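To start, the structure itself, in structure tokens.
Everything numeric in this text was worked out from a predicted model, so none of it was measured. Just the heavy atoms: all of them, side chains too, but no hydrogens, waters or symmetry mates, feed the values below. Residue numbering restarts at 1 for every chain, and letters A, B, ... go by the order of the sequence lines.
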There are 2 protein chains.
Amino acid sequence: MGKEVIIPNISVDCVIFGFDFEKLNVLLVERELIDSKTGAVIIKDHTLTGYHIFEDEVLDSAASRILKDLTGLENIYLEQFYTFSDIDRVAGAKDKIWLDYMNKGFADRIITVGYFSLIDSTKVELTVHNRNASWFPIDEIPGMELAFDHKHIFDKALEALRNKVKVDPIMFELLPERFTLTQLQKLLEAVFDTPLEKRNFRKKVGQMPYVVALKEKQVGVPHKPAQLYLFSREVYEKTKKERIGLMF
Amino acid sequence: MGKEVIIPNISVDCVIFGFDFEKLNVLLVERELIDSKTGAVIIKDHTLTGYHIFEDEVLDSAASRILKDLTGLENIYLEQFYTFSDIDRVAGAKDKIWLDYMNKGFADRIITVGYFSLIDSTKVELTVHNRNASWFPIDEIPGMELAFDHKHIFDKALEALRNKVKVDPIMFELLPERFTLTQLQKLLEAVFDTPLEKRNFRKKVGQMPYVVALKEKQVGVPHKPAQLYLFSREVYEKTKKERIGLMF
DNA sequence: CCCAAAGGTATCTTTTATACACTAAGTGGA
DNA sequence: TCCACTTAGTGTATAAAAGATACCTTTGGG
């Protein structure tokens, strides 16, 4: 470890998605700056989590580190999705004030590499690690004020997530290890913002050998308890066929 | 323009695909270094095309610039696909010698943003712009020696291309404006390295309103001349439906 | 006139999409 | 103890799309 020297013109920003069995959420951190004399609020908005990379650090590690700092979690699903290089992406009026105030030797021109990550939100205790971070439903983001070009980054992340979900079984990263089919369905409905037909959905899932039924059922629910399932990556790898689905 | 100051630790690398109606090719540039005293060959291999970005330049522009420098072409399809940050990606023995020899003030640690681009190879006259660039069939790449981590970058580019082709009508970028269905079929076969059934293929294409038949036919071929077609982006945009195809 | 590739028609099978309504099993309160 | 409530869980029918196979015609060059 030793001294960690940052690379001043390259950063990583993480768009952290979580699912609360109802809707899809993103983790944002509050950014607040108060004038020390007048007490006036100069800045009060939200940002994604990001930081510069260190000289001896690879982008993937930087993203993991950022995620761990914020949530305490390790070995989380992370996917690089785009690199943003607009000249003035950190040059908004508020953003300049903020960077001056931080005064950490960041460059004027910063290129940032976007990662999205999926976490089972039942596993994270935000209050323990960072008082200013909280979950926001993805459909509230368009109406919010975000720092820098973070709204743009969020949009790209959501698009990348949707594309990826269609093609890889990553949605299980957003669920607890043992989940019900209804939870899985709700998750997909939240990701694509569209209703799905229950019976057809279950028929489809029934054809996925890697979604395996456990012997356990839900307990303590005030209605018929649901069967619990498990995602087996092992079975998935063994059974996936190379489908050249073409095309648009 | 004025003086163009490079950012020493950020570059762009382009994986340029071209189609010759037979197979899919990549454009590589020969890298050669000869010892000025002994005449011994120190380095002789191939590289992708890349360069650093300028201080006032966005990644997309850098990629366009590189492509224009190499091929003379502008307004070419370009797609950013991944950013590479391995610590030692430019630190191979030969690569160090090469960078020393170039002596352009590049950093030891360079992060590079990968773009792939698709060009109609009937439009490019390599000899005019760069004597050292030539096309290589993609299935020869695994057996070749490439500079830096360019083989890795190529692999990722091909994967990204295949994914993108399944979802967007970008393959038309690899064909002349007027093309035959057999050419289109051969192209897809080359991209996915798999044979396609002619009649089913044509049935499918027949359902794409944006692939429009012209009144013209091929001339000068020693067999029945094929109908020529055109890709209409306009029609494509109007008729594409939001399909939530889900899933793996 | 023969060859080679283009282009079309017709049939059959398999796969996939979609629509739809009732019973089962728990909890909790009256 | 029974009833109300809530969510789980299931099967069938139909239509459309995709895929394989066979076979036949057209066109132009040599």
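One finds no side-chain N or O of A:Thr182 lying less than 4.0 angstrom from the OP1 or OP2 phosphate oxygen of D:dT7.
Legend: residues meeting side-chain hydrogen bond (donor to acceptor under 3.5 Å, both in side chains) with B:Gln227, ordered by chain and number and at least two apart, are absent. For B:Ser11, the side-chain hydrogen bond (donor to acceptor under 3.5 Å, both in side chains) criterion is met by B:Thr112, not counting sequence neighbours.
Screening residues 176-189 of chain A for side chain to side chain donor-acceptor pair (under 3.5 Å), with sequence neighbours left out, gives A:Arg178-A:Glu216, A:Gln185-A:Glu189.
Side chain B:Asn200 to base D:dA20: a donor-acceptor pair is found below 3.5 Å.
The residue among B:Glu197 and A:Gln218 whose nearest nucleotide of DNA chain D is located toward the 5' end is A:Gln218.
When atom types are taken as modelled, the side chain of B:Arg31 and the backbone of B:Ala147 share no donor-acceptor pair closer than 3.5 angstrom. Side chain of B:Lys151 to main chain of B:Met144: a donor-acceptor pair is present (N/O by atom type, distance under 3.5 Å, no hydrogens or angles).
The side-chain contact (heavy atoms from CB on, under 4.5 Å) test with B:Val124 singles out one residue from B:Leu70, B:Ile119, B:Ile16, B:Leu27, and that residue is B:Ile119.
Between B:Phe19 and B:Phe17, the gap from one ring centroid to the other reaches at least 6.0 Å. The ring of B:Phe179 has its center no closer than 6.0 angstrom to the ring center of B:Phe231.
The CD-P distance, from B:Glu216 to C:dA6, rounds to 18 Å in whole Å. If you take CG of A:Leu196 and P of C:dA19, they are 12 Å apart, rounded to a whole angstrom. Going from atom CZ of B:Phe201 over to atom C1' of C:dG7 covers 14 Å, rounded to whole Å. Between B:Gln227 atom CD and C:dA5 atom P there is a gap of 19 Å when expressed in whole angstrom units. A straight line from CD of B:Gln207 to C1' of D:dA18 spans 9 Å, rounded to a whole angstrom.
Open room surrounds CG on B:Asp193; 12 or fewer heavy atoms of other groups in view lie less than 6.0 Å from it. Atom CD of A:Glu237 has more than 12 heavy atoms from other residues, nucleotides or ligands within 6.0 Å.
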message: Can you build the contact string for nucleotides 9-15 of chain C? Use B for base contact, S for sugar-phosphate-only contact, and - for no protein heavy atom under 4.0 Å.
response: B------
- prompt: How does protein contact run along nucleotides 25-30 of chain D, one letter per nucleotide 5' to 3', with B for base contact, S for sugar-phosphate only, - for none, heavy atoms under 4.0 Å?
  reply: -BBSS-
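Nearest nucleotide to the B:Lys204 side chain, out of D:dG19, C:dA17, D:dA8: D:dG19.
Under a 4.0 Å N-O distance rule, the pair B:Arg89/B:Asp13 qualifies as a salt bridge.
Helix bend of the helix from C:dC1-D:dG30 to C:dA30-D:dT1: the angle between its two end axes, each built from five pairs, comes to 0° after rounding to 10°.
If you check every strand for non-hydrogen atoms under 4.0 Å, B:Arg202 touches sugar and phosphate atoms only.
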